[in-house]
Amino acid sequence: MAYHLSAAKLQTYHRCAQSYYFRYERGIKTAAFFGSASLGTALHEALAQIYRDWHYQDPIPGLDWVEYCWSQHTQGLSPTQVTDGQVMLQRYHERFMASQTAIARPVAVEGKIQGSLQVENLEFTLAGRYDRLDYLADGLELIDYKSNKDTKLLDPAEMNLQIGLYYLALEQTYPQTLRRLSLIYLRTGENISFEVTPEHRQRVESAIGDLALRLRTDAAWEPTTGGHCDRCTYARYCPGVQAEPEPLPMDAKPRPELQLALSLALDSAS
């Protein structure tokens with residue numbers, strides 16, 4: 001069976017192999033896995049409808065169209081959330097729609113990224129999601145909406161891994177190459193873009209190769225200590241942080257039989 005891989009998993013592995021092992025190999029859940037994302041979900045759904053259902057007979061949708069789409073996704077939100085969402089979408093319309101000569105129909109909205117890669121005789125399935133995919137003159141632009149208050153960027157190395165995974169997966173679906181990834185922060189109207197190059201593909205292939213080797217050899221998942229340890233939800237179990245770490249919780253998955261779970265034909269294409 002194939003080993004499922006996402007940008008979040010790759011970024012966790014880059015940050016700390018021990019944390020990756022606790023979260024994904026042993027399936028240890030923490031309070032950090034839960035929380036309400038109702039406003040963010042409603043904003044993403046409204047933006048998807050704005051672009052998906054607009055008739056494109058006029059060059060620019062009016063603010064009334066944006067507000068109509070928002071009204072279709074406010075069920076279950078508090079009055080404050082409804083107002084906050086309306087303000088964010090008004091700002092979005094002013095910054096990214098009304099200021100343009102015309103908007104083009106996206107390649108897709110709310111889409112899934114799927115691909116595959118074989119490394120060290122292991123098959124990896126590459127998966128992810130995007131909010132919008134647009135055509136550029138020389139390729140594709142992937143747009144990701146951010147509704148959180150924190151506009152702090154990811155670590156550059158982790159961002160490169162996300163870009164590389166998207167590059168690798170999208171090229172297996174579209175004849176065009178991913179050229180740009182843009183993060184749009186809805187609370188501030190800030191747009192941060194990254195130009196994509198084949199080097200991103202090479203970096204992610206290298207990272208997956210390192211992970212594949214660890215999986216194949218069942219090597220130790222060494223902790224990488226640093227400032228992130230203060231925020232790590234697995235610190236209590238980690239020998240890199242605790243002199244006497246706590247035993248793993250009873251509901252942790254058994255240590256995986258990696259060689260059996262990842263058995264694949266050695267030389268056949270699958």
Side-chain angles (χ1 to χ4, degrees), residues 2-17 19-20 23-24 40 43-44 47-48 51 92 96 104 106-120 122-148 150-215 224 226 228:
Y3 191 91
H4 180 81
L5 197 57
S6 66
K9 290 180 75 171
L10 262 184
Q11 290 165 345
T12 301
Y13 177 73
H14 169 81
R15 198 175 309 127
C16 177
S19 176
Y20 182 96
R23 180 172 180 179
Y24 296 111
L43 284 165
H44 281 71
L47 282 161
Y51 284 93
Y92 180 91
F96 300 105
V107 179
V109 295
E110 296 263 297
K112 293 182 179 180
I113 296 173
Q114 295 179 321
S116 63
L117 181 69
Q118 286 203 3
V119 183
E120 291 290 330
L122 299 180
E123 182 183 5
F124 291 88
T125 59
L126 313 177
R129 302 188 66 88
Y130 58 80
D131 295 323
R132 198 172 91 231
L133 193 64
D134 285 358
Y135 284 117
L136 297 173
D138 60 347
L140 299 171
E141 178 182 16
L142 187 148
I143 293 96
D144 191 13
Y145 305 123
K146 301 292 186 183
S147 58
N148 53 304
D150 185 8
T151 60
K152 182 180 178 181
L153 289 177
L154 288 171
D155 175 88
E158 293 183 12
M159 196 69 218
N160 287 334
L161 290 176
Q162 179 176 345
I163 292 171
L165 185 140
Y166 288 172
Y167 185 111
L168 191 60
L170 285 171
E171 73 175 0
Q172 298 180 28
T173 304
Y174 296 96
Q176 298 88 350
T177 300
L178 181 65
R179 296 295 186 187
R180 185 187 304 152
L181 184 144
S182 296
L183 307 179
I184 296 179
Y185 290 88
L186 299 175
R187 291 185 180 273
T188 64
E190 187 177 8
N191 180 14
I192 300 175
S193 294
F194 303 85
E195 297 304 313
V196 182
T197 70
E199 184 179 352
H200 288 100
R201 187 186 199 278
Q202 296 165 6
R203 289 180 181 179
V204 81
E205 286 180 328
S206 176
I208 295 174
D210 183 73
L211 174 60
L213 185 61
R214 194 182 299 270
L215 290 168
T224 301
H228 57 271

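For the numbers below, each heavy atom of this structure counts, side chains included, while hydrogens, waters and symmetry mates do not. Source: prediction; values computed, not measured.
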Legend entry - Side-chain (H44) to main-chain (G40) donor-acceptor, under 3.5 angstrom: yes
Legend entry - CG-CG distance between L5 and L126, expressed to the nearest 0.5 angstrom: 6.0 Å
Inset, instruction - Please examine the side chains of I113 and L142, heavy atoms only from C-beta on, and report whether any two atoms are closer than 4.5 Å. - result: yes
Inset, instruction - Identify the residue among L140, V204, V196 that makes a side chain to side chain contact (heavy atoms under 4.5 Å, CB included) with Y167. - result: V196
Legend entry - Closest approach of A7 to L165 (non-hydrogen atoms, all atoms of both residues): N-CD1, 3.8 Å
Legend entry - Sidechain-backbone polar pair: S206 side chain, Q202 backbone, donor-acceptor under 3.5 Å: no
Inset, instruction - Could you tell me whether a side-chain N or O of Q162 sits under 3.5 Å from a main-chain N or O of Q11, the two making a donor and an acceptor? - result: no
Inset, instruction - Would you indicate whether the side-chain heavy atoms of K9 and Y3 approach each other to under 4.5 Å? - result: yes
Inset, instruction - Over all heavy atoms of both residues, which pair between H228 and C16 is shortest? Give the atoms and the distance, please. - result: NE2-CB, 4.3 Å
Legend entry - Spatial distance of atom CZ (R203) from atom CG (L10) [nearest 0.5 Å]: 13.5 Å
Legend entry - Residue among V119, L122, L161, L213 satisfying side chain to side chain contact (heavy atoms under 4.5 Å, CB included) with I208: V119
Inset, instruction - Could you pull out the closest heavy-atom pair between Q176 and Y135, with the gap in Å? - result: NE2-CE2, 3.5 Å
Inset, instruction - Identify the two heavy atoms, one from L43 and one from S147, that lie closest to each other, and give their separation to 0.1 Å. - result: CD1-CB, 3.9 Å
Legend entry - Nearest-0.5 Å distance, NE2 of residue H4 to CZ of residue F124: 12.0 Å
Inset, instruction - Please step through side-chain contact (heavy atoms from CB on, under 4.5 Å) for the pair L168 and E205, ending with a clear verdict. - result: CA-CA 9 Å; L168 191 60; E205 286 180 328; 4.0 Å; yes
Inset, instruction - Could you tell me the separation between the OH atom of Y166 and the CG atom of D144, rounded to the nearest 0.5 Å? - result: 6.0 Å
Inset, instruction - Output, in order, the C-alpha distance, side-chain angles, deciding distance and verdict of side-chain contact (heavy atoms from CB on, under 4.5 Å) for Y20 and L211. - result: CA-CA 10 Å; Y20 182 96; L211 174 60; 3.9 Å; yes
Inset, instruction - Can you see which heavy atom on A157 is nearest to which on H14, and at what distance? - result: CB-NE2, 3.5 Å
Legend entry - Y145 and R132: side chain donor to acceptor below 3.5 Å: yes
Legend entry - E123 side, atom CD; S116 side, atom OG - distance, nearest 0.5 Å: 6.0 Å
Legend entry - Least distance between heavy atoms, A207 atom then Y13 atom: O-CE2, 4.3 Å
What donor-acceptor contacts under 3.5 angstrom involve side-chain atoms of residues 177-184, with partners at least two apart or in another chain?
residue	atom	partner	partner atom	Å
R179	NE	D138	O	3.0
R180	NE	E195	OE2	3.4
S182	OG	E141	OE2	2.5
S182	OG	S193	OG	2.7

Legend entry - Rounded distance [0.5 Å steps], CG in D131 versus NZ in K146: 8.0 Å
Inset, instruction - Start with the C-alpha gap between I143 and F96, add the side-chain angles, then the distance that decides, and say whether side-chain contact (heavy atoms from CB on, under 4.5 Å) holds. - result: CA-CA 12 Å; I143 293 96; F96 300 105; over 6 Å; no
Legend entry - 4.5 Å side-chain heavy-atom contact, L133 and P106: no
